[in-house]
**Student:** 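Just dropping this structure here.
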There are 2 protein chains.
Amino acid sequence: MTTLHKPSPDQPRPDVAARLRQAGLRTTRQRLTLAEILFADGCDRHVTAESLFAAAAARGTRLSLATVYNCLHQFTNAGLLRIVTVDSGRAYFDTNLDPHHHFYYEKSGELQDIPAADVAVSSLPAAPEGQRISRVDVILRLDG
Amino acid sequence: MTTLHKPSPDQPRPDVAARLRQAGLRTTRQRLTLAEILFADGCDRHVTAESLFAAAAARGTRLSLATVYNCLHQFTNAGLLRIVTVDSGRAYFDTNLDPHHHFYYEKSGELQDIPAADVAVSSLPAAPEGQRISRVDVILRLDG
DNA sequence: CTCTCTGCAAAAGGTTTGCACGTCC
DNA sequence: GGACGTGCAAACCTTTTGCAGAGAG
């Protein structure tokens, strides 16, 4: 049996904990909570620091906003998240690591994935001398 | 001959002043200075509020950063500029209004235009129900 | 003369940092 | 026990706002 004397609301699933360890991150309570929210069901998520903080608060975990920022960057550096830049003033973090693109609802600030296959970028210019293209971002802005 | 008694360093060219008036904006000293920097030579420019502020200061015009922000938004609303979002935390303004895309040098923060013709986006997904695609942004991120 | 723009300072986000304390291994 | 993470508050940076005074038409 597992630890029975601590029926916390953010009881981590083993795969989430393993995922953190594989990424070289210690499995602290706060990281497990955030990882659980982000990765547990395998769905693609787009979060901001603020929205993730709210989600953690909603499930009863007490942690500070600074820790959310720290964890988001640690997860990003560990290759568990990537940053989507669609708005100067707010950073979005995306759990979907495969190449893909985004719809951005400018009114609501929502993001929606577009599978890479749905956008055919058939020709690209060469990178300038001495440069390497690290990523191709396609953003379809929706004004409705 | 034109006004000789005022050899100011930001003597506006007539076309810049006309451009402001056509856009429905009063030709104030500050706007003329900024418009001169942005539009005078017809080259495409990418500025941030801070860089434009510095450019204005460099040519000896005294104006406040808040005014630069105000003017940038006024120019944008008047259709003289557009915003390029490549970095959450800083807004770039682009004098090139034609459809086109961007190289973004992540190290230096520089932007470089890519003509629309150089990027062939041959298929796009349909906009979600009730939505309209207001813009397609393609950003090629360079890490060098 | 009126209406709008500007300047300033202050506030408002969002994000980062420094340091003492706590906790994972 | 030692290294690493966390919490808090304060700092930071970019951007916005409110209001009094200046300038354009």
Side-chain angles (χ1 to χ4, degrees), chain A residues 2-3 6 8 10 12 14 16-35 46-54 56-57 61-78 80-81 83-93 109 111, chain B residues 3 6 8 10 12 14 16-35 46-54 56-57 61-78 80-81 83-93 109:
Chain A
T2 51
T3 345
K6 204 184 178 187
S8 86
D10 34 45
V16 166
R19 192 153 176 189
L20 287 187
R21 267 186 232 100
Q22 277 165 31
L25 295 171
R26 276 196 192 170
T27 55
T28 67
R29 179 177 58 87
Q30 293 84 347
R31 285 180 185 168
L32 284 168
T33 300
L34 299 180
H46 304 99
V47 301
T48 61
E50 203 64 52
S51 78
L52 184 56
F53 179 62
T61 305
R62 216 182 57 81
L63 79 180
S64 78
L65 185 56
T67 298
V68 175
Y69 275 105
N70 288 339
C71 288
L72 282 172
H73 288 129
Q74 289 151 358
F75 290 3
T76 302
N77 292 333
L80 300 175
L81 291 177
I83 298 179
V84 181
T85 303
V86 286
D87 179 296
S88 43
R90 218 196 322 253
Y92 287 77
F93 295 81
L111 271 178
Chain B
T3 345
K6 202 183 179 189
S8 87
D10 35 42
V16 166
R19 193 154 176 190
L20 287 188
R21 267 186 231 101
Q22 277 164 31
L25 295 171
R26 277 196 192 170
T27 55
T28 67
R29 181 176 58 86
Q30 294 83 346
R31 286 181 183 165
L32 284 167
T33 300
L34 299 180
H46 304 99
V47 301
T48 61
E50 203 64 53
S51 78
L52 184 56
F53 180 62
T61 304
R62 215 181 57 83
L63 80 181
S64 79
L65 185 55
T67 297
V68 174
Y69 276 103
N70 288 339
C71 288
L72 282 171
H73 288 129
Q74 289 151 357
F75 289 4
T76 301
N77 293 334
L80 300 175
L81 291 177
I83 298 178
V84 181
T85 303
V86 287
D87 179 297
S88 46
R90 219 196 320 254
Y92 286 78
F93 294 82

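Note that the structure is predicted; figures quoted are calculated from it, not measured. Proteins come first, then strands; the chains are lettered A, B, ... in the order of their sequence lines, and each starts at number 1.
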**Student:** Angle, rounded to 10°, between the helical axes spanning five pairs at each terminus of the helix from dC1(C)-dG25(D) to dC25(C)-dG1(D)?
**Tutor:** 30°
**Student:** Return the set of residues passing side chain to side chain donor-acceptor pair (under 3.5 Å) with S88(B) (not counting sequence neighbours), or none when no residue passes.
**Tutor:** none
**Student:** Looking at Y92(A) and G109(A), would you say the former's side chain and the latter's main chain have a donor-acceptor pair under 3.5 Å?
**Tutor:** yes
**Student:** For Q30(A), which residues count as a side chain to side chain donor-acceptor pair (under 3.5 Å) partner, sequence neighbours excluded?
**Tutor:** none
**Student:** In residues 66-73 of chain A, what residues come within less than 4.0 Å of DNA chain C, judged by heavy atoms?
**Tutor:** A66(A), Y69(A), N70(A), H73(A)
**Student:** Kindly give the heavy-atom pair with the smallest separation between C71(B) and L34(B), and that separation in Å.
**Tutor:** CB-CD1, 3.6 Å
**Student:** Quick one: ring-ring contact (aromatic ring centres under 6.0 Å, His included) partners of F93(A), sequence neighbours excluded?
**Tutor:** H73(A)
**Student:** Quick check for you: to the nearest 0.5 Å, what is the distance between T67(A) atom OG1 and R62(A) atom CZ?
**Tutor:** 9.5 Å
**Student:** Please examine the side chains of R29(A) and T61(A), heavy atoms only from C-beta on, and report whether any two atoms are closer than 4.5 Å.
**Tutor:** yes
**Student:** Using the heavy-atom set of chain B and a strict 4.0 Å cut-off, write down the first and last nucleotide of DNA chain C that makes it in, 5' to 3'.
**Tutor:** dC3(C) to dA9(C)
**Student:** Give one of base, sugar-phosphate or nothing for T27(A), where a contact means two heavy atoms less than 4.0 Å apart.
**Tutor:** sugar-phosphate
**Student:** For the CG atom of L25(A) and the CD atom of Q74(A), what is their distance to the nearest 0.5 Å?
**Tutor:** 6.5 Å
**Student:** Considering residues at least two apart in sequence or located in another chain, which fulfil the side chain to side chain donor-acceptor pair (under 3.5 Å) criterion with T27(B)?
**Tutor:** none
**Student:** What is the first contacted nucleotide of DNA chain D and what is the last, in 5' to 3' order, if contact means an atom lying under 4.0 angstrom from a heavy atom of chain B?
**Tutor:** dT14(D) to dG25(D)
**Student:** Drop me the distance from R26(A)'s CZ to L32(A)'s CG, to the nearest 0.5 angstrom.
**Tutor:** 13.0 Å
**Student:** Sequence neighbours left out, what passes side chain to side chain contact (heavy atoms under 4.5 Å, CB included) with E50(A)? Give chain and number order.
**Tutor:** T48(A), F53(A), L65(A)
**Student:** Tell me every residue that passes side chain to side chain donor-acceptor pair (under 3.5 Å) with T76(B), counting only those two or more places apart in sequence or in another chain.
**Tutor:** none
**Student:** For DNA chain D, whose closest nucleotide is more 5', that of G24(A) or that of Y92(B)?
**Tutor:** G24(A)
**Student:** With a 4.5 Å heavy-atom cut-off, do L72(B) and V47(B) have their side chains touching?
**Tutor:** yes
**Student:** Just checking R90(A): base, sugar-phosphate only, or nothing, at a heavy-atom cut-off of under 4.0 Å?
**Tutor:** sugar-phosphate
